[in-house]
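Structure first, commentary second.
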Amino acid sequence: MEHYFIAVTIFCAIITRISCCDVVKLTFPSGFRVGTASASYQVEGAWNVSDKGENVWDWFTHNKPEIIADGSTGDVACDSYHKYEEDVQWVKNLGLDFYRFSVSWSRVLPNGFANEVSEDGLQYYKNLTQALIDNGIEPVVTIYHWDHPQILEDLGGWTNELMVEWYADYARVIFEELGPMVKTFITINEPKIYCEQGYNSTTKKAPGKTLENMGHYLCVHNSLKAHATAYHMYDDEFRATQQGQIGILTPCTGWVPGDNVTEESIEQHFQFDCGWIMHPIYVGDYPEIVKTRVANISALENYPFSRLPEFSQEWIEYINGTTDFFGLNHYTSSMPIFDTAEELGIYTRDSGIIKSTNSSWSTGSSSWLYVLPEGFGNLLRMIRDQYNNPPLYVFENGYSDTGELEDYERISYYYGYVSEMLAAINDDGCNVVAYTIWSLLDNFEWNAGYTELFGIISVDFNSSDRTRSAKLSTSWWQEVISTRTLQDVPSNSTRR
Ligand SMILES: *[C@@H]1O[C@H](CO)[C@@H](O)[C@H](O)[C@H]1NC(C)=O
Ligand SMILES: *[C@@H]1O[C@H](CO)[C@@H](O)[C@H](O)[C@H]1NC(C)=O
Ligand SMILES: *[C@@H]1O[C@H](CO)[C@@H](O)[C@H](O)[C@H]1NC(C)=O
Ligand SMILES: *[C@@H]1O[C@H](CO)[C@@H](O)[C@H](O)[C@H]1NC(C)=O
Ligand SMILES: *[C@@H]1O[C@H](CO)[C@@H](O)[C@H](O)[C@H]1NC(C)=O
Ligand SMILES: *[C@@H]1O[C@H](CO)[C@@H](O)[C@H](O)[C@H]1NC(C)=O
Ligand SMILES: *[C@@H]1O[C@H](CO)[C@@H](O)[C@H](O)[C@H]1NC(C)=O
Ligand SMILES: *[C@@H]1O[C@H](CO)[C@@H](O)[C@H](O)[C@H]1NC(C)=O
């Protein structure tokens, strides 16, 4: 009898231990928030309703259709301008805590400047915000997600330092009008991407300019100044009454081990990828390695200055500390290695890093999207160590396919990435406080048009109604959110 009890007790202890730890590993911590996201140009459509002005993406898709994979536009996209109430119901049915959307600058300020404000434009965002609040969903507002007014671009866009003031004027309108209802603001989405792919390339993103291998540096420089100006404005004029938080967001890629991947190559990759944007905000000024490498290579190219502009001491201090959270978008990883051509005195990349990959890795329909969950954990631990473990919001993470309703690969991606994140939180003490599914709907994927779809909900782009329907990942996420626990990836044996 005694033996029986002891045996049973030990057996139960083992079982409890196993189930306890499995559960701990796959369960969101209490208070953890899960949401989903979108961006104005990718979903709204209604590009010419009321008094809305033309933005750079309207101009780009209308004038450079050859750059968009399928020649499409965001003129109608998901028609979320007219269907926002239905979108909100989907978010509610998923059980999500927040919805991150962006405001279209030219919808609110039709001619770009704050001398003329569109009442209709503002009303749309007030309606959407109110609908979210009425349904118990927190609105998270991205003030700028790549679609600035075309007139500002004609005046130089992000390479013109006056953009800092024009952005600040626009941000003030948003704080005044939406601030009373919104507790979380993101100033700017991914400066690294629109700066590199819009101002140092003619073939990817609007405005599609190449500017002497320095447009991207000027663009990030002015974007950081614009961000900091809006942060201080919020701090000085709005925070006391609105009691919200505000920060910036950057995409960082991770890394996985491989031949010639070293601590040094990982560090150099991190500073050019993530540190370029976040070092000025968390530590002060650009990372030393970025400053010296670009200065040295510029000198080799006979420039009398560095292609990387310098911040004055005043700007260094003004930008330092201007975020309430680390906003992270993350999708993929690589094996970062040093470019060995440099040993021969050939400098082809300012970063000096080649992001090498392995042809055996699986990808989404986006060729760059290698599925490497362990790289996410490595990145989260690096951010913890580099910036003193700041509160971190994952504001985008997701997988592209071509719109399958039975999206097993998407579920498998989410399972891998979210379990890595939970391990980084539970085992390594990473201060991740929120996670965001990119994206709610299949939508206009910039220069990929509708050929790379990230939604957990399908949209029929051939129907004038833009009919939404559930995918397999819709119900999977519903279950994950209601149990606050990761669910197994469904078996795809029935797949056609
Ligand atoms: C808006 O653009 C659509 C094409 O997307 C066009 O058919 C329509 O006439 C335009 N409306 C106005 C008011 O310009
Ligand atoms: C905002 O909501 C009101 C009331 O439902 C509606 O009449 C109006 O058309 C909406 N405006 C926009 C731009 O969505
Ligand atoms: C910018 O463009 C130049 C020349 O077109 C290219 O060599 C360089 O790699 C690009 N840099 C980035 C960061 O995209
Ligand atoms: C690693 O470096 C060695 C020595 O430079 C080189 O021979 C080898 O090709 C490199 N491997 C990879 C995967 O780059
Ligand atoms: C940036 O702010 C941090 C925290 O206040 C401070 O320790 C650091 O010295 C500042 N950096 C610069 C370059 O001023
Ligand atoms: C930049 O050049 C200086 C002087 O030649 C050299 O000492 C330094 O190591 C270089 N730094 C980098 C990061 O290349
Ligand atoms: C690519 O991955 C395969 C399978 O994991 C491995 O055998 C191979 O060594 C890898 N190649 C490189 C260059 O890392
Ligand atoms: C939408 O229409 C295009 C061409 O008109 C066609 O190739 C595609 O299969 C259609 N998609 C759906 C989901 O019906």
Side-chain angles (χ1 to χ4, degrees), residues 67 159 190-205 208-221 250-280 285-310 330-363 366-372 374-376 378-379 382-383 385-386 447:
I67 291 174
T159 63
E190 296 186 345
K192 179 182 151 65
I193 302 297
Y194 64 80
C195 291
E196 282 188 352
Q197 299 190 15
Y199 291 90
N200 192 51
S201 167
T202 50
T203 60
K204 294 189 181 111
K205 307 270 187 303
K209 296 176 175 172
T210 50
L211 301 165
E212 189 70 6
N213 199 5
M214 66 178 97
H216 53 310
Y217 290 128
L218 272 175
C219 169
V220 163
H221 207 67
T250 198
C252 302
T253 55
W255 61 91
V256 293
D259 276 357
N260 301 343
V261 176
T262 62
E263 252 177 62
E264 292 74 24
S265 67
I266 290 170
E267 168 75 18
Q268 193 159 313
H269 165 256
F270 180 87
Q271 296 305 348
F272 271 87
D273 182 56
C274 215
W276 178 20
I277 311 299
M278 285 310 201
H279 197 278
D285 204 359
Y286 295 122
E288 207 54 45
I289 185 81
V290 174
K291 288 192 293 183
T292 56
R293 278 193 58 93
V294 182
N296 283 9
I297 296 171
S298 300
L300 286 172
E301 294 165 341
N302 290 321
Y303 286 100
F305 54 83
S306 174
R307 285 183 283 100
L308 180 75
E310 250 176 76
H330 177 76
Y331 291 89
T332 194
S333 289
S334 72
M335 296 180 290
I337 60 176
F338 288 119
D339 181 357
T340 49
E342 293 196 356
E343 290 163 15
L344 308 170
I346 302 165
Y347 294 86
T348 52
R349 302 169 167 78
D350 289 346
S351 72
I353 292 293
I354 294 174
K355 295 203 234 168
S356 85
T357 55
N358 186 325
S359 55
S360 75
W361 294 347
S362 70
T363 68
S366 313
S367 58
W368 51 267
L369 208 174
Y370 295 98
V371 181
L372 297 166
E374 70 167 307
F376 188 21
N378 292 340
L379 174 67
M382 183 95 167
I383 292 170
D385 297 345
Q386 292 264 336
N447 49 312

Return the minimal non-hydrogen interatomic distance between [X] and [Y], and the atom names on each side.
X	Y	result
Asp273	Lys192	OD1-CE, 3.2 Å
Gly254	Leu379	CA-CB, 4.1 Å
Gly375	Ser333	CA-OG, 3.3 Å
Val220	Cys195	N-SG, 3.3 Å

Next on the checklist: So Phe272 and Arg349, do their side chains get closer than 4.5 Å, heavy atoms only?
Outcome noted: no
So, [X] side chain and [Y] main chain: donor-acceptor pair closer than 3.5 Å or not?
X	Y	value
Thr210	Thr202	no
His216	Tyr199	no
Ser298	Arg307	yes

Item to check | Lys/Arg-Asp/Glu bridge criterion (N-O < 4.0 Å) met for Lys205, Glu190 | outcome: no
Checklist entry - Is there a side-chain hydrogen bond (donor to acceptor under 3.5 Å, both in side chains) between Asp350 and Tyr217 once you walk through the steps? => result CA-CA 11 Å; Asp350 289 346; Tyr217 290 128; 2.6 Å; yes
Item to check | Thr262 OG1 to Ile337 CD1 distance, which is reported to the nearest 0.5 Å | outcome: 10.0 Å
Item to check | Pair Gln268-Glu264, side-chain hydrogen bond (donor to acceptor under 3.5 Å, both in side chains): steps then yes or no | outcome: CA-CA 6 Å; Gln268 193 159 313; Glu264 292 74 24; over 6 Å; no
